[in-house]
Every structure is written in C-alpha cells, then in structure tokens.
Amino acid sequence: MNAPVVIERPGPATPKTAGAPGGAHREVHARPEDFKQRSHESVNDPHLRSSFRGAMDFLIERRAVHFSDLVAFETLRKLGEQVRQHALSKLPELLDQLEAKLTELGVHVHWAETPEDANRIFLDIAQRHEAKLMVKGKSMVSEEIELNHVMADHGIECLETDMGEYILQLDGDRPSHIIMPAIHKTKQDVAEIFHEHIAGAPLTDDVNELIGIGRKALREKFGAAKIGVSGVNFMVAETGSIVLVENEGNGRLCTSVPDVHIAITGLEKVIDKLEHVVPLYALLPKSATGQAVTTYLNVITGPRREGERDGPREMHLVLLDNGRTQAYREERFRATLQCIRCGACMNHCPVYTRVGGLSYGTTYPGPIGSIISPHLVGLKSTRDLPTASSLCGACGEVCPVKIPIPEMLMKLREAGRHSITQSMTPPTQALVGQGEVRAISEAMAWRGWRVLYSHAFLYRLFAWFAPRLRWLTPAWQGGWTKSRTPLKPAPKSLRDMMADRDKRRR
Amino acid sequence: MNLQDHDKRARSAIFSRLRGASAGKPVETPDVAAYFRERAQPAAGESRRERFMRNASNWRAEIVECGEAEWPARLADVIARKNLQRIAVGRNTSIGWTLSAMLPAERLFWYEQDLAEVKAELFNHIDAGITTTIGGVAETGSLLLWPTPAEPRTLSLIPPLHIALLFEDQIHETLFDAMREHQWAQRMPTNLLLVTGPSKTADIQRMLVYGAHGPKELVILLVSRKAQEAAL
Amino acid sequence: MGVTVHFPRNQTCCGQPAYTTGFPEEARKVAAAQLDLFPEDWPIIVPSGSCGGMLKHHWPKLFKDDAVLQAKADSLAERTVEFTDYVVNVLGLQLPAGGKPTKVALHTSCSARREMGTLDIGRAALGRLPGVELVIHDHESECCGFGGTFSVKHPDISSAMASDKLESIRKTGCDALVSADCGCLLNLNGSLAKRRDTLRGEHIATFIRSRMDASTEGTA
C-alpha cells in the first residue's frame with residue numbers, strides 16, 4: 001500500500017547562527033532560493049573562479065590517470081552500477097536483513113523520517129550519557145540534518161574532526177565540495193582562522209605546521225569526547241558491517257576512541273554482500289580524488305566485543321529518509337539513490353566550476369545535488385537547480401555508478417512544471433512541489449511555440465515573414481543579450497534559399 | 001512520545017513507502033568474481049612482492065625487507081634509527097615476546113588495559129605502535145589488519161609511527177582475493193582494516209601532508225619465509 | 001558529390017528546446033507533426049549534432065505509448081545521420097592536396113559529442129582537408145554555455161562559460177572557428193559580436209564548401 005501521507009518537511013535550511021566552537025559567530029544563510037543571486041556573485045568573483053577552476057582541473061586530471069582505459073572503466077562502472085541497482089531493487093529486504101544483523105550484533109538501529117527525528121535521536125543518546133562533546137567524522141548526512149547547530153542549541157558541542165570541515169566550523173562557514181569541503185579557503189585563510197580560534201596557535205601559513213596545529217588541538221578532543229559520530233560509505237546487509245573510507249584517520253578515531261559511536265546515513269546506502277564493497281571501493285577514491293585507494297578502509301561490525309580493549313561499548317545507527325523514499329517510489333528517479341558521493345560530477349561540471357558549491361544553498365551541491373535536493377526539500381525552493389545545467393552530459397559521463405544525471409534533470413524540470421494531471425507521464429504520486437514551478441507565461445510560450453511548429457502552414461508563414469521583418473527584432477532579449485548580440489532572423493531563410501534553388505533547377 | 005515509539009512509527013512509515021513502490025526490473029546479483037577473472041591481469045615481469053613494494057612505497061610506506069630469522073634484528077635497527085623510546089605492543093604476540101627479549105621493560109608499553117585507562121599514555125607518551133597483519137594487497141600496496149584483544153585497533157592508530165609485520169606469503173593480489181580466501185563474510189571481526197600508507201590530508205590548498213590524525217609514518221617489516229631468501 | 005538533397009518544406013523543429021526545458025508533451029506534438037515527412041528509405045542528414053541526437057535518441061522515447069508512432073520514430077531515428085558523419089564516412093570526403101594553410105579550432109556540441117560521436121568525426125573531417133591544421137584549445141571538451149533555455153534562465157553562468165570558451169579558442173591563434181552545431185554557433189557568434197571580436201564561428205559545412213571551392217579554383 002502506498003503511504004498516503006506527504007511528509008511535512010520543513011527542511012534543514014532554517015537559517016541559524018553557526019554555533020561554532022571558539023566563539024566564531026557568523027550568519028550562515030544559505031538557501032536554494034537564492035541560487036541566482038549567489039551564482040551571480042560567484043561568477044563575478046575572480047578569486048573564487050580561479051580557485052575552483054584550479055581545484056577542479058587538478059581533480060579531473062588526477063581522476064583521468066586511473067581511467068585512461070575507457071573500456072576498462074566502462075566495465076568497472078557497469079559493475080558498480082549493478083551493485084547499487086541490485087541493492088535498490090531489493091531495498092526493503094536488505095534493510096530488514098541489515099537491521100536484524102545489526103540488532104544481533106548489539107547495535108541500536110534507529111529510523112528517522114525527517115531531520116528533526118534524527119536530531120531527536122542524537123539528543124536523546126547524548127542526554128542519556130550526559131555528553132557535552134561529540135567528535136564527528138565527515139558525514140554529509142549530519143550536515144543535511146544540521147546536527148552541529150541543533151546540538152549547539154542544546155548546549156552540546158559537536159566538533160568536526162575532518163581537517164577541512166574543522167577549518168570551516170571554526171570559521172562558521174560551510175563546505176563547498178562534498179569531498180574537499182574547504183577548497184574555497186587558502187592557506188592564509190586557514191592561518192588566520194587557526195590563529196584566531198585555537199589557543200596558542202602561532203600565525204603560520206606553512207601547511208605542514210597548520211595540519212600539526214589542527215592535529216594537536218583535535219587529539220585532545222578525541223580523548224575527551226564521550227560520543228563519536230560518523231557517516232557511512234556503505235552498509236553491508238550480509239554481515240551488518242559499516243564501511244568507512246578515509247585518508248586522515250579521524251574517522252577511525254571517532255569510531256574507536258569514544259565509548260559511544262553513532263553512525264548516521266541515508267537509508268539507500270545499503271548493499272547486499274560484503275564482496276560488493278570491492279567494486280565500489282575501486283571506483284570511489286579514483287572518482288573522488290584520483291587516488292587508487294584511500295589510507296583507510298575501515299570496516300566496523302558491531303560494538304566492542306568481550307575482552308576487547310577499545311572500540312565503542314555502545315553503537316547506534318541512524319537511518320534517515322528525508323525524501324529518499326520519494327525518489328525511490330518513482331522508478332524514473334530511483335537511480336538518484338545509486339550515488340556513492342564521490343563528487344566527480346561536480347568536478348566535471350562547467351556550472352559548478354563557475355559558481356562553487358556554496359551558491360547552491362543545499363547540502364549536496366553540483367549536478368548530483370540538483371537531482372537529490374528536490375526530493376529532500378521539495379521542487380519549489382530548488383526550482384533554479386535543475387535548470388542550472390546546459391545538459392552538456394559531463395556529469396553522466398564520469399559518474400562511477402552511471403546515474404543518468406542529465407535525464408533526471410530534465411525529468412525534474414518537467415515535474416516542477418506539471419501537476420499530475422498536466423503531466424504526459426504522471427508519477428504514481430505527486431512529488432513534493434509537483435507543478436509548483438509552473439509559470440503560466442512559460443507554459444503559454446511553449447504552447448504557442450508548439451502551435452506554430454506543429455502546423456506547417458503557420459510555420460511557413462512565420463518563416464516567410466521573419467527574414468522580412470528582421471528589422472523589428474528587439475535589441476534587448478532577456479538573459480540572452482546580457483553578453484550576446486540580439487538574435488535576428490537570417491536575411492534569407494533556408495527555405496527561401498531552397499525555393500530559389502528549386503526554381504533555378506526547373 | 002518516547003524515542004522508541006518514534007523509531008517504530010518512523011520505521012513503519014518508511015517501510016510502507018518502500019514496499020508500496022513498484023519493485024522495478026529485477027537486477028541480477030553482481031558477479032564480482034567474474035569481473036576479476038575477466039579483467040586484465042597484472043603485467044608479467046613483476047612479482048607480487050615487487051608489486052606490493054612498489055605500490056606501498058608510492059603511498060609513502062617505508063619497507064624493510066628481511067628473512068624469517070632476522071626480522072627481530074631489523075626491527076631493532078628501526079627502533080634505534082628512529083630513536084623510539086617508548087613502544088606500544090600487544091602482550092603474548094610474536095612481536096611482544098621478541099621485544100621483551102630485546103628492550104628493557106620501561107621502554108615497552110603493554111597494551112593490555114582498557115583504552116579508557118591508558119588514553120593519556122597512548123596519546124601522549126608513545127613513540128610507536130607495533131602490530132601484526134593478516135596479510136597485504138599487492139594491487140594497492142595495502143596492509144590487512146585484524147585487531148584482536150591482544151592488539152587493539154588503536155594500537156595502529158594513535159601512536160605517531162606504526163610498524164607492521166607482514167609475511168610475504170600472505171600478500172594477496174587483490175582485496176577481493178583476500179576477502180574470498182579468508183572468508184571474511186562468515187566471520188567478521190569487530191573491526192577490519194585495510195591500511196595504505198600513513199594518515200594524510202590535502203584539505204588545505206590541495207597540499208599533501210602526512211600525519212593528519214593517524215600515524216605520520218608507516219614502516220612495514222616485509223618478512224620472507226623462504227629458507228633460501230632468509231639466508232641472503 | 002553526387003547526392004541529391006531533398007528538403008521537405010513542412011519540417012520545423014526537432015523539439016529539443018521544449019523537451020529539455022520540461023515540456024515533453026509540446027515537443028511530442030511538434031515531433032508528431034513531422035513523422036510522415038520522411039517516408040522514403042533515405043538517410044536523414046541533420047546539420048546540427050544536437051538536433052540529430054534529439055531525433056535519434058529522444059524521439060522514440062516520446063512515443064512510448066503509441067506503437068504506430070513509435071515505429072515511425074524508430075525508423076526516423078535509425079536513418080538519422082549527422083552531417084559531418086555522412087560527408088566523411090558515407091561520401092568519403094577527400095580534397096586534393098595544396099589547400100591554403102589554415103589553423104582551425106573545432107568546437108563540438110556536448111550532447112552531439114556524447115550522443116553522436118561528433119568529436120572524432122569532426123576531427124576526421126578536418127583531417128580530410130589538406131592545409132587545414134586543427135588546433136586544440138584549452139578545456140576543449142567543455143560546454144560553450146549554450147544549453148538552449150539554460151542560456152536565458154541562467155545568463156550569468158552561461159555567459160561566463162561562453163566567455164571562457166572564447167578566451168581559450170582565441171589563445172590558440174586560430175584563423176577559423178568551426179562547429180557542426182548551430183546552437184553553439186548561435187551562442188559563440190552572438191558573444192563574439194558583443195565582444196567586438198572579428199572572429200566568427202562557421203558551420204563545418206560552410207567551411208568544407210569554401211575549401212572545396214578554393215581547391216576547384218586552384219585546379220581550374
């Protein structure tokens with residue numbers, strides 16, 4: 001039976017003052033509604049443009065080294081796609097199996113429909129352990145639920161420990177890339193941030209020293225925190241394992257040192273067999289940062305067992321829906337959930353490269369963000385994201401699990417502009433915001449276009465007049481003339497030329 | 001409503017949405033073994049050992065080659081060369097016995113208490129942690145770690161230097177081979193690790209720095225168990 | 001080259017603009033009105049790669065619910081060939097040696113490169129024109145920023161892309177800019193004109209034609 005409820009999703013985007021440790025308070029106000037304004041500012045920011053271009057070129061080149069053999073890449077990514085599609089094709093069973101396995105191992109499994117649900121779970125665990133400090137490894141889902149801010153509101157410090165995320169948290173800023181969160185910061189920026197927020201930190205822009213400063217400051221926190229929080233790269237139904245992929249080692253510390261480990265992730269991250277990790281792990285780091293392998297592949301199967309000296313005594317897994325079941329429900333959008341969060345689509349996206357991750361105002365930026373966010377926060381507030389693509393196809397071409405991103409973008413454009421009754425291919429159930437992006441003027445323009453272009457007589461009339469009336473063409477043509485000369489019909493249309501040719505031949 | 005009820009309600013709502021969706025086309029179970037059978041095999045002319053060494057060195061692991069009889073001596077060299085004053089190690093392991101015969105007691109830290117009791121020591125006063133491995137992966141130059149009560153997982157994580165003992169005959173070609181041969185899926189430990197090089201980050205201006213949060217250095221004692229090589 | 005070109009006068013537009021903007025039902029009606037225009041079993045040559053991609057890959061999808069129309073769309077899709085592809089691979093274009101040395105930058109439409117393989121074909125075509133040297137510009141595979149209605153809905157981003165594209169093309173010192181896609185050319189030429197740049201992109205057909213004319217003049 002279809003659940004008839006449309007989940008109320010106030011979304012995580014409630015603007016809040018960042019409760020960053022060290023007293024940094026800056027208004028963070030990112031909303032997808034502001035995409036046009038923010039992207040306008042970004043394309044006109046030469047510093048941002050050159051730093052993103054440099055970083056993306058770097059990542060593109062590094063990735064290309066591993067996938068120079070396109071046939072081999074295609075074979076591997078087909079396997080990756082199959083692993084993810086296979087898992088999604090039996091998602092409810094796998095989640096059932098995973099839950100049973102985890103419960104047997106002694107892991108507490110929690111289900112959250114909304115960010116509020118998820119935060120309530122965190123808060124409850126923290127309060128039971130009287131925890132005032134949580135150390136957290138990189139987790140995009142924790143950003144999605146705004147965990148840091150919500151915990152801060154309840155007097156609990158949730159500290160980022162991934163170097164990039166830590167830098168941003170100190171500065172009250174947000175990640176601009178899912179893999180390299182602080183690519184928009186220079187070493188001089190970091191020098192200032194550390195000097196200002198870390199007691200005793202000297203002012204230095206030596207990157208080795210800076211990492212050393214961060215390492216030292218965070219090590220104290222790893223030792224002190226009662227709760228460690230992590231994301232999840234893959235969950236294995238067969239064994240009840242949680243797999244984490246990382247380079248820094250903070251993920252291992254967060255999941256090994258504190259007494260309590262809470263992992264949070266989207267419910268789509270489950271895969272069937274342990275060996276299915278192998279192709280995904282072969283694809284993920286190469287696609288993300290152009291590394292053949294990360295420093296750590298950390299496979300966690302349950303809390304500390306009898307006799308063991310370390311590892312959490314209590315372990316929780318929070319599985320978040322937050323719109324994922326909507327993407328799942330519609331087969332045409334299901335592939336959205338295949339994503340393994342590598343960020344390759346961003347790195348290769350000419351739009352993302354020019355506007356940067358912060359312009360999107362969503363947890364997940366870039367092409368993948370533009371196809372996920374509408375399910376998380378609705379089509380209406382994200383109305384400008386699916387259109388922010390020239391559909392060049394670069395994203396789909398590099399996706400390690402073959403998500404047809406351009407096709408999804410088009411389908412979301414359609415869903416925003418058509419209610420169920422207006423839609424040529426109606427969904428089984430309205431998406432959140434279905435049809436709410438429809439503007440009468442736009443719909444009428446396309447209807448007019450259709451009438452003209454589907455009636456040969458009218459079109460030929462139009463084609464006869466257009467060259468003859470080209471002097472009437474307006475000089476201002478909306479966005480087009482911003483950096484281009486106005487569009488004018490040719491002095492002589494192709495059909496006139498063809499007619500002339502036919503006359504000559506006769 | 002208490003948390004458990006919330007969980008239950010969320011769970012049933014989520015499952016009813018998932019189960020209400022059309023199942024779509026069935027997807028065949030991926031055949032990972034077939035992929036590895038059919039893909040290009042490693043180039044001839046390089047042994048598995050050489051491949052492991054090349055890849056591990058690329059990831060900045062320092063490799064010390066030794067025969068079965070001489071690894072204690074090579075380990076002693078590393079300890080002397082790196083001036084390691086205090087070393088954490090597991091009691092009742094081959095390494096533990098070897099080290100206790102080699103170093104005065106005050107230079108050894110036996111990791112046999114609960115982490116909570118030794119946190120300060122481990123974080124602040126230990127120069128190196130030494131562990132065994134259950135094998136390696138040639139394709140990526142990785143170590144396979146299977147922490148136990150004798151060798152807790154933080155032993156290879158918290159000290160600034162990690163020294164690992166790897167037997168050459170336990171190097172697998174791929175992670176997949178290791179997974180199949182060890183039959184991990186049937187007996188997962190609490191924590192299983194694939195470790196490739198020391199901890200690192202490139203989060204500041206894409207500049208690579210080692211020792212982000214984990215060890216800054218990784219030394220691999222690569223032990224050959226073949227008698228003739230031990231004689232070399 | 002020994003080919004008779006038929007131009008069915010009742011054709012209009014492939015429908016891509018509506019289709020990609022999220023109005024597939026309008027695109028479908030426009031496509032439906034043209035399904036009977038190409039009844040003979042002749043190849044359908046499309047001088048714009050992305051329009052070709054629309055016919056070849058997307059028209060059949062538009063008629064999934066109607067077997068009769070779908071069969072027609074399938075037949076059209078099967079016969080659709082991108083212009084350069086036809087000229088190179090079917091007609092075997094080859095000009096005699098001795099053409100005027102010209103440095104040419106080639107821009108391929110993204111969707112056509114991915115849906116119709118036009119990058120290799122475009123390069124092959126230029127390779128058949130003696131005297132023509134292909135110069136590769138920076139970020140060659142990157143989009144020019146057109147993207148149909150994208151250029152109007154997100155003019156800032158689109159303009160930034162066009163301007164970067166033109167900068168890198170200009171940096172090659174090319175004598176000519178060639179593309180097999182009218183959409184990209186519309187965008188690039190509009191931007192060039194606004195920049196008061198004297199360079200203009202040419203359709204590859206026009207370019208080939210002018211090379212042919214020059215070579216026959218040379219031999220005459």
Please state whether the side chain, the backbone, both or neither of [X] comes within less than 4.5 Å of a heavy atom of chain A.
{"X": "Glu139(B)", "answer": "neither"}
{"X": "Arg180(B)", "answer": "side chain"}
{"X": "Lys8(B)", "answer": "neither"}
{"X": "Lys119(B)", "answer": "side chain"}
{"X": "Ala185(B)", "answer": "both"}
{"X": "Pro198(B)", "answer": "backbone"}
{"X": "Met188(B)", "answer": "both"}

Quiz item: Do any pairs count as a salt bridge (Lys or Arg N to Asp or Glu O under 4.0 Å) and have a residue in residues 85-99 of chain B, sequence neighbours left out, and if so which ones?
Solution: Arg86(B)-Glu121(B), Arg91(B)-Glu112(B)
Measuring heavy-atom distances to chain B, does [X] have an atom under 4.5 Å in its side chain, in its backbone, in both, or in neither?
{"X": "Asn208(A)", "result": "both"}
{"X": "Gln85(A)", "result": "both"}
{"X": "Thr294(A)", "result": "backbone"}
{"X": "Leu76(A)", "result": "both"}
{"X": "Val293(A)", "result": "both"}
{"X": "Ala55(A)", "result": "both"}
{"X": "Ile300(A)", "result": "both"}
{"X": "Glu238(A)", "result": "side chain"}
{"X": "Ile242(A)", "result": "neither"}
{"X": "Arg304(A)", "result": "both"}
{"X": "Thr186(A)", "result": "both"}
{"X": "Arg313(A)", "result": "side chain"}
{"X": "Val257(A)", "result": "both"}
{"X": "Ser256(A)", "result": "both"}

Exercise. Start with the C-alpha distance between Leu161(B) and Val219(B), add both sets of side-chain angles, then the distance that settles side-chain contact (heavy atoms from CB on, under 4.5 Å), and finish with yes or no.
Key: CA-CA 8 Å; Leu161(B) 168 65; Val219(B) 175; 3.8 Å; yes
Quiz prompt | Side-chain heavy-atom pair Arg309(A), Pro147(B) within 4.5 angstrom cut-off | solution = no
Quiz prompt | 4.5 Å side-chain heavy-atom contact, Leu337(A) and Phe333(A) | solution = no
Counting heavy-atom pairs under 4.5 Å to chain B, which of [options] comes out on top?
{"options": "Val318(A), Val299(A), Ile183(A)", "answer": "Val299(A)"}
{"options": "Gly164(A), Gly251(A), Ala282(A)", "answer": "Gly164(A)"}
{"options": "Val83(A), Leu210(A), Asp96(A)", "answer": "Asp96(A)"}
{"options": "Glu99(A), His184(A), Met180(A)", "answer": "Glu99(A)"}
{"options": "Gln82(A), Glu248(A), Glu165(A), Glu275(A)", "answer": "Glu248(A)"}
{"options": "Glu306(A), Lys187(A), Lys273(A)", "answer": "Lys187(A)"}

Practice problem: Evaluate the side chain to side chain donor-acceptor pair (under 3.5 Å) criterion for residues Thr295(A) and Glu246(A): first the C-alpha distance (whole Å), next the side-chain angles of each, then the deciding distance (0.1 Å), finally the verdict. | Solution: CA-CA 6 Å; Thr295(A) 302; Glu246(A) 61 151 341; over 6 Å; no
Quiz item: Of all of Gln186(B), Glu117(B), Glu28(B), Arg39(B), which one pairs up most often with chain A through heavy atoms under 4.5 Å apart?
Solution: Glu28(B)
Self-check item: Heavy-atom pairs under 4.5 Å with chain A, option from Thr140(B), Val195(B), Thr174(B) with the top count
Solution: Val195(B)
Quiz item: Could you go step by step and tell me if Thr133(B) and Gln170(B) meet the side chain to side chain donor-acceptor pair (under 3.5 Å) rule?
Solution: CA-CA 9 Å; Thr133(B) 64; Gln170(B) 292 182 338; 4.9 Å; no
Quiz item: Does Phe222(A) have its ring centroid less than 6.0 Å away from the ring centroid of His213(B)?
Solution: yes
Quiz item: Closest heavy-atom contact between Arg51(B) and Pro42(B)?
Solution: CZ-CB, 3.4 Å
Quiz item: Is it true that the NZ or CZ of Arg324(A) lies under 6.0 Å from the centre of Tyr328(A)'s six-membered ring and within 45 degrees of the ring axis?
Solution: no
Practice problem: Can you check whether anything in residues 150-160 of chain B gets within less than 4.5 Å of chain A, heavy-atom wise, and list it by number? | Solution: Pro152(B), Arg153(B), Thr154(B), Ser156(B), Leu157(B), Ile158(B), Pro160(B)
Exercise. Could you check whether the rings of Phe15(B) and Trp111(A) sit parallel, tilted or perpendicular, using 30° and 60° as the cut-offs?
Key: perpendicular
Quiz item: Taking the inter-plane angle between the rings of His182(B) and Trp184(B) on a 0 to 90° scale, is it parallel (under 30°), tilted (30 to 60°) or perpendicular (over 60°)?
Solution: parallel
Exercise. Examine distances only and state if a side-chain atom of Arg62(A) and a backbone atom of Thr289(A) form a donor-acceptor pair shorter than 3.5 Å.
Key: yes
Exercise. May I have the step-by-step check of side-chain contact (heavy atoms from CB on, under 4.5 Å) for Thr114(A) and Asp117(A), ending in yes or no?
Key: CA-CA 5 Å; Thr114(A) 61; Asp117(A) 284 354; 3.4 Å; yes
Exercise. List the steps, then state whether side chain to side chain donor-acceptor pair (under 3.5 Å) holds for Asn247(A) with Gln291(A).
Key: CA-CA 10 Å; Asn247(A) 283 314; Gln291(A) 288 174 257; 2.8 Å; yes
